[in-house]
Amino acid sequence: ECIYTKHLCLDGRQIHLEIYDPCSQQGKLSLTDELHWADGFIIVYDISDRASFAFAKALLYRIREAHIAACKKMVEPSIFLVGNKQDLCHMREVGWDEGQKLAIDNKCQFCELSAAEHYQEVVAMFTKVLRNVTSNFKVKEKRRPSGSKSMAKLINNVFGKRRKSV
């Protein structure tokens, strides 16, 4: 397994990243454990390699399938589909429109970039992913309290505090 860790500060908030890179295991699509702990996904394919696009498509399907099966999560994970090696557009096998359509079909964001020539694009894309993920945390944090706490508060509001009898 290839898990990379990174600590960083984004918008004044400390973030601990654990990045799982299954690239060395192309063909293995179980990913069951990783799908449960991940808050976001960046699926990268090579625009000059149709097989990598097919693998990305299979990963997107697997992520959606796992999310539907585990309906416990209130917020859908952030998913970005990234076409890499834009600098090799003369060898392109996967069109921009194909990537865009796959992203739309799977309700995820899409971009094409060149990690080799423009690392700033990679940084911007990761920043966008992290902002999406952290905004999902804010939505989770605003959830209402559990049923027992809500009931106690409701009873207290209806009957008020106990009064001393005269």
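Every value quoted in this text rests on a predicted model; they were computed, and no experiment measured them.
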Quick one: hydrophobic cluster around Tyr61, which other residues, with the 4.5 Å side-chain cut-off, linked directly or via members? none

Any non-hydrogen side-chain atom of Ile43 less than 4.5 Å from a side-chain atom of Ile63? yes

Ile15, Val122: one ILVMFWY side-chain cluster at the under-4.5 Å cut-off? yes

Qualifying residues under ring pair (Phe, Tyr, Trp, His ring centres under 6.0 Å), relative to His90, sequence neighbours excluded: none

To the closest 0.5 Å, what do you measure between CG (Leu60) and OH (Tyr45)? 10.0 Å

Value rounded to 0.5 Å, distance of CG in Leu8 from CD in Gln14: 7.5 Å

What pairs of residues pass the ring-ring contact (aromatic ring centres under 6.0 Å, His included) test when at least one of them lies in residues 92-122, not counting sequence neighbours? Trp96-Phe110

To the nearest 0.5 Å, how far apart are CE in Met125 and CG in Leu113? 5.5 Å

Can you give each donor-acceptor pair under 3.5 Å made by side-chain atoms of residues 80-87, sequence neighbours left out, with the distance rounded to 0.1 Å?
{"unit_1": "Asn84", "atom_1": "OD1", "unit_2": "Ala115", "atom_2": "N", "d": "3.1"}
{"unit_1": "Lys85", "atom_1": "NZ", "unit_2": "Asp46", "atom_2": "OD2", "d": "3.3"}
{"unit_1": "Asp87", "atom_1": "OD1", "unit_2": "Ser114", "atom_2": "OG", "d": "2.8"}

So do the side chains of Leu17 and Leu130 get within less than 4.5 Å of each other, counting heavy atoms only? yes

Would you say that Thr127 contacts Leu10 through its side chain, given a criterion of any heavy-atom pair below 4.5 Å between the two side chains? yes

Filter on salt bridge (Lys or Arg N to Asp or Glu O under 4.0 Å), then keep only pairs touching residues 106-126, sequence neighbours left out; what's left? Arg92-Glu112

Value rounded to 0.5 Å, distance of OG in Ser78 from CD in Gln109: 7.5 Å

Per-pair distances, 0.1 Å, donor-acceptor, side chain in residues 98-106, under 3.5 Å, sequence neighbours excluded:
{"unit_1": "Glu98", "atom_1": "OE1", "unit_2": "Arg50", "atom_2": "NH1", "d": "2.9"}
{"unit_1": "Glu98", "atom_1": "OE1", "unit_2": "Arg50", "atom_2": "NH2", "d": "3.2"}
{"unit_1": "Glu98", "atom_1": "OE2", "unit_2": "Arg50", "atom_2": "NH2", "d": "3.0"}
{"unit_1": "Glu98", "atom_1": "OE2", "unit_2": "Gly95", "atom_2": "N", "d": "2.8"}
{"unit_1": "Lys101", "atom_1": "NZ", "unit_2": "Asp105", "atom_2": "OD2", "d": "2.8"}
{"unit_1": "Asn106", "atom_1": "ND2", "unit_2": "Leu102", "atom_2": "O", "d": "2.9"}

